[in-house]
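Structure, as structure tokens:
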Number of protein chains: 2
Amino acid sequence: MLREDVTEAIRAAVFEELAAVGYARMSIEGIARRAGVGKTAVYRRWRSKLHLVLDLVSAIAVQGLPTPDTGSLEGDLRLLYEVTSRALRHPVASQVIPDLQAEAARNPEIAEALQKALREGQHGVANGIVRAAVARGEVRDGVDEDLALDLVSGPLYWRSVVVRAELPKGYLGSLAAATGAALRAL
Amino acid sequence: MLREDVTEAIRAAVFEELAAVGYARMSIEGIARRAGVGKTAVYRRWRSKLHLVLDLVSAIAVQGLPTPDTGSLEGDLRLLYEVTSRALRHPVASQVIPDLQAEAARNPEIAEALQKALREGQHGVANGIVRAAVARGEVRDGVDEDLALDLVSGPLYWRSVVVRAELPKGYLGSLAAATGAALRAL
DNA sequence: CGACGTCGGAACGCAACCGTATCGTCGTCA
DNA sequence: TGACGACGATACGGTTGCGTTCCGACGTCG
């Protein structure tokens, strides 16, 4: 009989807190405070900070993204990049992702949850694109799929999250073209 | 008249602590404990955790890497990837880099120090490789240099740090070939 | 030899959270 | 209408780190 609105307020507060101070500094007290809720309400639902975050990450992982299908490799890449870069522009995502990613280096459970989310998200979509290109004959059959995925996903992540530089007009198109060329060269 | 051996012990302890628990959880007490030193010795040298870390990051940034020069784009890339992947294999690097990178999203001073280190390290070397390729005529003149750098550095970082998967034999060679093709297509 | 400054160690009061327990209140069902 | 359970609030003792202060020991200069 837990109240759903309270649960939702906590979930939202966790995201905000995660973005604001990061996993390490995040406290149950802080979450409850931000959610306008008693600590009791939080502990009644999750046993610890870790369980809370794992639950949220898993929930996100469930939302499977649709694979683009424009009929060409470059078109698919372009679409993927547009969706991805829009997602990474959200402050919450751009703060939370690197934070959890760093935490994953220390906590195997977070690492696993993140891997799963990655596999069902970015990784899965990229895989679909590559396989469609292979089926279409645009990419040689028998390519190293893992390498192909790194080529597809790496540059935009590096630019958006690591370098944190703006994406000038035309960037995504050029990136899609260059990546397409790289895949065809495999 | 600060004793240099004490200073060095503290520096080493900071790296270990940073790798073990991360910037957020790292405490002056913990550093002093690990270094076998009094808190006094730390505070006498640095005013805060932030100053300490900024100092270390800046120190690393100074070590300029030599630009590879094998005479071909692919050879240069291959060499860069070998050096980079070896560096990223060190546990300290693979724990500390994502951690500071996440922290940079919250702290402009860390972000700036990291940007500088990046520019004088990976970024600088990659830039040298691309320009040499342009001079050699392997890459079209007038390419978007930033995009080129993303193509060069992104995939390996994604694979090593984000996906955290092993690099099978032959991976670096294939990656260099694919990246070369992408650059030539720009 | 004597003065000075750094050393490690210990203690200070203060603040934040931990996870638990105990309030009285309020909404919902039977 | 009465019982139940989740609610926010508050308090608990315990832990950890903050940044500062004082101490006696030691080394190194002058």
Side-chain angles (χ1 to χ4, degrees), chain A residues 1-57 59 95-96 99-100 102-103 105-110, chain B residues 1-57 59 95-96 99-100 102-103 105-110:
Chain A
M1 290 301 166
L2 299 175
R3 272 168 50 189
E4 190 56 34
D5 59 331
V6 170
T7 305
E8 209 40 56
I10 295 174
R11 275 196 230 268
V14 171
F15 274 115
E16 294 169 21
E17 201 73 4
L18 209 48
V21 305
Y23 179 82
R25 274 188 263 261
M26 188 176 69
S27 70
I28 301 284
E29 303 227 5
I31 293 167
R33 207 181 305 133
R34 190 188 286 266
V37 144
K39 279 201 288 180
T40 325
V42 179
Y43 279 111
R44 201 174 285 126
R45 290 165 172 79
W46 295 278
R47 307 203 294 109
S48 70
K49 196 171 75 165
L50 177 60
H51 289 85
L52 223 182
V53 169
L54 288 180
D55 185 28
L56 290 218
V57 172
Q95 305 253 92
V96 170
D99 190 86
L100 289 181
E103 204 57 35
R106 272 169 224 112
N107 189 320
E109 306 192 65
I110 292 185
Chain B
M1 290 300 168
L2 298 174
R3 272 169 49 190
E4 190 56 34
D5 58 331
V6 170
T7 304
E8 208 40 55
I10 295 173
R11 275 196 232 268
V14 171
F15 274 116
E16 294 169 22
E17 200 73 4
L18 209 47
V21 305
Y23 179 82
R25 272 188 265 262
M26 188 177 69
S27 71
I28 301 284
E29 303 228 3
I31 293 167
R33 208 179 303 133
R34 190 187 286 265
V37 142
K39 279 201 289 179
T40 326
V42 179
Y43 279 111
R44 201 174 285 124
R45 289 165 174 78
W46 294 278
R47 307 202 294 110
S48 72
K49 197 170 73 164
L50 177 61
H51 288 86
L52 223 181
V53 169
L54 288 180
D55 185 27
L56 291 218
V57 172
Q95 304 253 95
V96 170
D99 191 85
L100 288 181
E103 204 59 33
R106 270 169 226 114
N107 189 320
E109 306 192 62
I110 292 185

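In what follows, every chain begins at residue 1, and chains take the letters A, B, ... in the order their sequences are listed.
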Legend entry - Axis bend over the full length of the helix from C/dC1-D/dG30 to C/dA30-D/dT1, computed from five pairs that close each end, to 10 degrees: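 The helix from C/dC1-D/dG30 to C/dA30-D/dT1 shows an end-to-end axis angle of 10°.
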
[X] [atom1] to [N] [atom2]: how many Å, rounded?
X: A/Glu29; N: D/dA9; atom1: CD; atom2: P; answer: 13 Å
X: B/Asp5; N: C/dT6; atom1: CG; atom2: C1'; answer: 11 Å
X: A/Arg44; N: D/dA6; atom1: CZ; atom2: C1'; answer: 5 Å
X: A/Glu4; N: D/dC7; atom1: CD; atom2: P; answer: 11 Å
X: B/Ile10; N: C/dT6; atom1: CD1; atom2: P; answer: 13 Å
X: B/Lys49; N: D/dG19; atom1: NZ; atom2: P; answer: 9 Å
X: B/Ile31; N: D/dT16; atom1: CD1; atom2: P; answer: 17 Å
X: A/Met26; N: C/dC18; atom1: CE; atom2: P; answer: 9 Å

Of the nucleotides [options], which has the atom closest to the [X] side chain?
X: B/Tyr43; options: D/dT20, C/dC18, D/dC7; answer: D/dT20
X: A/Val6; options: D/dG8, D/dC18, C/dT20; answer: D/dG8
X: A/Val37; options: D/dG8, C/dC7, C/dC17; answer: D/dG8

Tabulate atom names and distances for all N/O pairs under 3.5 angstrom spanning the protein and nucleotides 21-30 of chain C.
none

Which heavy atom in [X] sits nearest to a heavy atom in [Y], and how many Å separate them?
X: B/Arg34; Y: B/Ala20; value: NH2-CB, 3.7 Å
X: A/Ala105; Y: B/Gln95; value: O-OE1, 2.8 Å
X: B/Val6; Y: B/Ala41; value: CG1-CB, 4.1 Å
X: A/Leu100; Y: A/Ile110; value: O-CG2, 3.8 Å

Inset, instruction - Using a heavy-atom cut-off of under 4.0 Å over every strand shown, decide if A/Arg45 touches base, sugar-phosphate, or nothing. - result: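 Here A/Arg45 touches the backbone only, sparing every base.
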
Inset, instruction - For B/Gly36, answer base if it contacts any base atom (sugar-phosphate contacts may also be present), sugar-phosphate if it contacts only those atoms, and nothing otherwise; contact means non-hydrogen atoms under 4.0 Å. - result: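 If one applies the 4.0 Å heavy-atom cut-off, B/Gly36 turns out to touch the sugar-phosphate alone, with no base involved.
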
Legend entry - Side-chain donor or acceptor of A/Lys39 paired with backbone N/O of A/Ile28 under 3.5 Å: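 Flag not set: sc A/Lys39 to bb A/Ile28 has no pair under 3.5 Å.
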
Legend entry - Test item: A/Tyr23 and B/Arg25 side chains (from C-beta on) under 4.5 Å apart, heavy atoms: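 A side-chain contact under 4.5 Å exists here.
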
Inset, instruction - Check whether any side-chain heavy atom of A/Val42 sits under 4.5 Å from a side-chain heavy atom of A/Leu52, and report yes or no. - result: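 Yes - at least one pair of side-chain heavy atoms lies under 4.5 Å apart.
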
Inset, instruction - Answer yes or no: does a side-chain N or O of A/Arg33 lie under 4.0 Å from OP1 or OP2 of C/dC17? - result: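 For A/Arg33, the contact criterion (side-chain N or O under 4.0 Å from OP1 or OP2 of C/dC17) is met.
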
Inset, instruction - Give the intermediate values and the outcome of side-chain contact (heavy atoms from CB on, under 4.5 Å) for residues A/Arg45 and A/Asp55. - result: CA-CA 11 Å; A/Arg45 290 165 172 79; A/Asp55 185 28; over 6 Å; no

Inset, instruction - With salt bridge (Lys or Arg N to Asp or Glu O under 4.0 Å) as the test, would you mind laying out the steps for B/Asp99 and A/Arg106 before giving the verdict? - result: CA-CA 10 Å; B/Asp99 191 85; A/Arg106 272 169 224 112; 3.0 Å; yes

